[in-house]
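Notes follow once the structure below has been shown.
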Amino acid sequence: MSAAVARRPAAGDVVHPRVWTKFVAETLLPTKLGKFRLRGYRHTVDGGLTYTEPSVIISGSPEGCADVPVRVHDACFTSEVLGSLKCDCREQLELAMEYIRDKPPGMVVYLQQEGRGIGLANKIAAYALQEKGLDTVDANRALGLPDDCREYSAVAHILEDLGVSSIQLMTNNPRKISELSAMGIPVSGRIPCQVPAQKYNAGYLSSKHRRMAHLLNPAMYSSADEAEAEQEPLEGQFCYWDHEGEPSSAGIPLEAPVSLPDGLEAASSSIPSSSGSSSEGGSDHSPPPPGSCGSGSSVGASAA
Ligand SMILES: Nc1nc2c(ncn2[C@@H]2O[C@H](COP(=O)(O)OP(=O)(O)OP(=O)(O)O)[C@@H](O)[C@H]2O)c(=O)[nH]1
């Protein structure tokens with residue numbers, strides 16, 4: 001057990017009996033997209049037996065503000081570290097960072113929930129099944145894994161820690177809105193977060209739209225060569241965790257559609273991309289004075 005874990009809760013910690021999140025430290029991070037505040041937390045759902053380390057990328061000073069643009073983003077090692085083209089995660093992260101950079105205050109809560117919560121090794125197994133023709137939903141199911149097992153209590157704690165009273169969620173995923181709302185997080189609006197498809201992720205985006213009710217504009221992915229994307233084999237040899245026998249999609253029902261909370265629009269436009277990417281080092285996005293809750297809510301937002 002680390003010293004940080006063993007210490008008594010201090011001011012700024014948000015602590016619950018077995019599920020809690022502790023603030024650890026903050027720094028100013030220069031990135032290709034500009035300078036951001038980066039806050040590190042430790043989070044447990046089992047009273048401290050195991051931990052994840054959520055982090056928050058912040059532009060401006062959302063402390064004490066309402067209607068803050070917030071992206072809740074889950075780790076994607078394959079795209080964010082390796083540059084995989086099979087999904088849209090990395091581009092969504094960059095889009096969200098550009099958005100909050102240009103319209104502070106805003107935040108990206110980055111959670112270590114790879115593969116919609118199933119973990120990296122299982123996601124690799126799911127990818128191997130996708131090579132056999134299963135889509136992103138059926139691949140998880142063929143492995144006996146849930147479609148989505150992400151857990152968002154850290155988000156509630158972090159918003160509480162920062163005194164953010166309501167958020168405009170940067171997402172296309174109605175389940176994410178429902179889950180956060182059910183936890184008591186006031187979601188006052190949705191900011192669509194759709195990036196153009198290319199041939200390797202068009203099938204994935206189509207599956208997210210059809211199977212998981214993501215609020216995607218088909219025009220954004222159907223322009224990519226979807227047929228080619230689904231049929232073109234990647235080079236290499238693949239093995240997979242075949243604990244259920246032959247993978248099969250037969251007889252697997254579609255998920256029930258998830259309804260949006262009242263007042264949230266099923267918009268299908270995207271966050272406007274910044275007109276020009278800032279140069280390395282970028283401008284100095286030093287936080288405005290505490291209490292200045294700059295707007296950012298009106299441009300590109302489909303607020304309630
Ligand atoms: N199990 C599985 N996870 C994937 C796959 N492709 C990407 N992921 C993971 O999916 C997560 C992102 O979830 P998505 O369903 O793409 O999008 P979302 O975050 O729910 O919705 P948005 O807020 O609109 O981006 C990340 O944790 C990725 O690691 C896949 O084929 N299978």
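Model, not experiment: these values are computed from the prediction. Atoms within each ligand, like the ligands themselves, are counted from 1 in listed order.
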Would you say that [X] contacts [Y] through its side chain, given a criterion of any heavy-atom pair below 4.5 Å between the two side chains?
X	Y	result
Val70	Met170	no
Ile177	Thr171	yes
Asp74	Tyr110	no
Glu26	Val56	no
Leu205	His214	no
Glu151	Gln113	yes
Arg190	Pro192	yes

Heavy-atom distance to [atom]: which of [options] wins?
atom	options	result
atom 27 (O) of ligand 1	Cys87, Ala75, Cys76	Ala75
atom 18 (P) of ligand 1	Arg116, His73, Arg150	Arg150
atom 9 (C) of ligand 1	Gly119, Ala125, Gly115	Gly115

Residue portion contacting ligand 1 (non-hydrogen atoms closer than 4.0 Å) for [X]:
X	answer
Arg175	neither
Asn140	side chain
Asn122	neither
Tyr127	side chain
Lys86	neither

Checking Asp135 side chain against Asp138 main chain: does a donor-acceptor pair fall under 3.5 Å?
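It does hold such a pair.
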
Tell me which protein heavy atom sits closest to [atom], plus the residue, atom name and distance to 0.1 Å.
atom	result
atom 7 (C) of ligand 1	Tyr204 OH, 3.1 Å
atom 19 (O) of ligand 1	Lys176 NZ, 2.7 Å
atom 23 (O) of ligand 1	Thr171 OG1, 2.6 Å
atom 32 (N) of ligand 1	Thr136 OG1, 3.3 Å
atom 24 (O) of ligand 1	Asn172 N, 2.7 Å

Test: Glu63 and Arg37 ion pair at under 4.0 Å
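A salt bridge is present here (some side-chain N lies under 4.0 Å from a carboxylate O).
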
Would you mind checking if Asp147 and Arg211 are paired as a salt bridge, meaning a charged N to carboxylate O distance below 4.0 Å?
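So Arg211 does not pair with Asp147 through a salt bridge.
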
Looking only at distances, can you tell me whether any N or O atom of Ile118, backbone or side chain, sits closer than 3.5 Å to an N or O atom of ligand 1?
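Min N/O separation from ligand 1 is not below 3.5 Å for Ile118.
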
Taking both backbone and side-chain atoms of Lys208, is any N or O found less than 3.5 Å from an N or O belonging to ligand 1?
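Yes - when backbone and side-chain N and O of Lys208 are compared with those of ligand 1, one distance drops under 3.5 Å.
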
Could you list which atoms of ligand 1 come closer than 4.0 Å to a heavy atom of [X]?
X	value
Asp74	26 (C), 27 (O)
Gln92	22 (P), 24 (O), 25 (O)
Gln113	27 (O)
Gln130	30 (C), 31 (O), 32 (N)

Charged tip of Arg39 within 45° of Phe23 ring normal and under 6.0 Å
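Yes, cation above the ring, under 6.0 Å and within 45°.
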
Lys176 to Tyr152 six-membered ring, cation-pi geometry met (6.0 Å, 45°)
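No, a cation-pi geometry is absent between Lys176 and Tyr152.
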
Just to check, does Cys89 reach to within less than 4.0 Å of ligand 1 when the distance is taken from its heavy atoms?
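Yes, that is the case, since the closest heavy atom of the residue is under 4.0 Å from the ligand.
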
So, does Phe77 sit close enough to ligand 1 that a heavy atom of it is under 4.0 Å from the ligand?
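No.
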
For Val109, which of Ile158, Ile167, Ile58 qualifies under side chain to side chain contact (heavy atoms under 4.5 Å, CB included)?
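Running side chain to side chain contact (heavy atoms under 4.5 Å, CB included) over Ile158, Ile167, Ile58 with Val109 returns exactly one hit, Ile158.
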
